[in-house]
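Only one structure is covered here, and it is reproduced in the block below.
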Number of protein chains: 2
Amino acid sequence: MDILLAEDQSMLRDALAKLLSLNDEVKHVSLAKDGEEAIQILQLKIFDVVILDIEMPKKTGLDVLEWIRKNKINTKVIIITTFKRCGYFERAINNNIDAYVLKERSIDELMKTIKNVIAGNKEYSPELMENIFTTKNPLTTQEVEILKKISLGLSNKEIAENLHFSNGTIRNYISIILMKLNTNNRLLAVKLAKENGWI
Amino acid sequence: MDILLAEDQSMLRDALAKLLSLNDEVKHVSLAKDGEEAIQILQLKIFDVVILDIEMPKKTGLDVLEWIRKNKINTKVIIITTFKRCGYFERAINNNIDAYVLKERSIDELMKTIKNVIAGNKEYSPELMENIFTTKNPLTTQEVEILKKISLGLSNKEIAENLHFSNGTIRNYISIILMKLNTNNRLLAVKLAKENGWI
DNA sequence: ACATACATATTACATTTGTCACATCAAATT
DNA sequence: AATTTGATGTGACAAATGTAATATGTATGT
């Protein structure tokens, strides 16, 4: 088995690589420290399995997943992440992810998952399956865009200039965002959206 | 060497434990999944080195460190963390930490650090030493308290009620906070303070 | 062709947030 | 005893934020 492992936290990347290599069935483990590097490596070589962390600099694991599917790279993809963000999970599912597991698992379980996806099976973390239908992101792309600006600390006026809208339009959008999220100020909206992985 | 490892993320805990155990000099690695568990285990057994993650449920690694020093437990303590928060670092230094390293290191380096502290040396991540003097928390305890409330999304009025002050007083405090942090709205202040580990 | 939805904008308004100057009182300092 | 300092409060104001009703042009569906 040839494996590509993309994970930004050196210690975990290093540890996982060493432990995976100890396994007889694993031929070689390539490493990437961010999404961009992962994509570069994927263009040079074929892997049986690609293991992606989500939150990485440059490009996220989800970005890499989308790139893999768009370019029809023939490989299994496993997402490993700390975060129980349903938004992340949803996006992964939409891109036909093979396995989605939380870092709350052990290495042995990860090994099992790897064999499992190579055998052609899917494997989703059950904790996430539960919530998936209840907490779907209610915001449109535009609204998400605006909420992201808010989360950076921009004022309405700044957002308006930034996105080439009138101040009033932005205020309207924000009003709708607050209504949808059932919050009554921008800070709460940002907090809620972050907790759910929507921004 | 007897080692206690406290880390909430199972995958990393598991991986680190396995790799540390592979080393001949390591006799046994005990595991804790949060700060509270770590303290319990520390009451039962003596360790040469305790390795603590900071952000854990129940009690943080810094809480455990403080407990160790207060109870005069004879052991070396290493903090490993993802976060370059100077506030964290400051608190660790004040409690006579033996080593403070970022998770951006490899396992081999961690092993070196362990030997190093057992030999009686200190080891601080150099990235953090640079900033420590430049970015000291300028806020008073009261101000931090208020900023925390803000970060939860409370309005001025709510904070006032919550802390038994007048609305105006809270506004004054916030005004001072914004001035100190050189920001012009509450969201930016929260963002900045979080990035620096002040709240 | 017509109705509907969508994105954008305007206006007016109420509320919240942030600034500033100053008041009060108690505790600490000189 | 007089002064300074710190914590708390007030009032007045400007600016930002949030709400709501409504308008307009474009695209979409039937």
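Protein chains get the first letters and strands the later ones, always in sequence-line order, with residue 1 at the start of each. Every value quoted in this text rests on a predicted model; they were computed, and no experiment measured them.
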Just how far, in rounded Å, is [atom2] of [N] from [atom1] of [X]?
{"X": "B:N184", "N": "C:dT17", "atom1": "CG", "atom2": "C1'", "value": "12 Å"}
{"X": "B:M179", "N": "C:dC20", "atom1": "CE", "atom2": "P", "value": "9 Å"}
{"X": "A:Y173", "N": "D:dT19", "atom1": "OH", "atom2": "P", "value": "16 Å"}
{"X": "B:R186", "N": "D:dA16", "atom1": "CZ", "atom2": "C1'", "value": "11 Å"}

Nucleotide of [options] approaching [X] most closely (side-chain heavy atoms):
{"X": "B:N185", "options": "C:dG18, D:dG18, C:dT16", "result": "C:dG18"}
{"X": "A:N156", "options": "D:dT17, C:dT19, D:dT19", "result": "D:dT17"}
{"X": "B:F165", "options": "D:dT8, D:dT19, C:dT10", "result": "D:dT8"}
{"X": "B:T169", "options": "C:dG18, D:dG18, D:dT8", "result": "D:dT8"}

Query raised in the report: Under 4.0 angstrom, heavy atoms only, what part of the nucleic acid is A:N172 near: base, sugar-phosphate, or nothing?
Result: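 Base: the residue A:N172, judged by heavy atoms under 4.0 Å, touches a nucleobase.
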Query raised in the report: Base, sugar-phosphate, or nothing: which does B:S155 touch, judged by heavy atoms less than 4.0 Å apart?
Result: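 Answer is sugar-phosphate: B:S155 comes under 4.0 Å of backbone atoms only.
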Query raised in the report: What do you reckon, is CG of A:N74 surrounded by more than 12 foreign heavy atoms closer than 6.0 Å?
Result: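 Not buried by this count: 12 neighbours or fewer within 6.0 Å.
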Query raised in the report: When the ring planes of A:F89 and A:Y124 are compared, do they come out parallel, tilted or perpendicular, using 30° and 60° as the limits?
Result: perpendicular
Requested in this report: State plainly whether the residues B:E25 and B:K115 are in salt-bridge range, i.e. N to O under 4.0 Å.
Outcome: yes
**Report entry** Under-4.0 Å salt bridge between A:E66 and A:K59
**Finding:** no
Query - B:R171 vs A:L154, nearer the 5' end of DNA chain D by closest nucleotide - result: B:R171
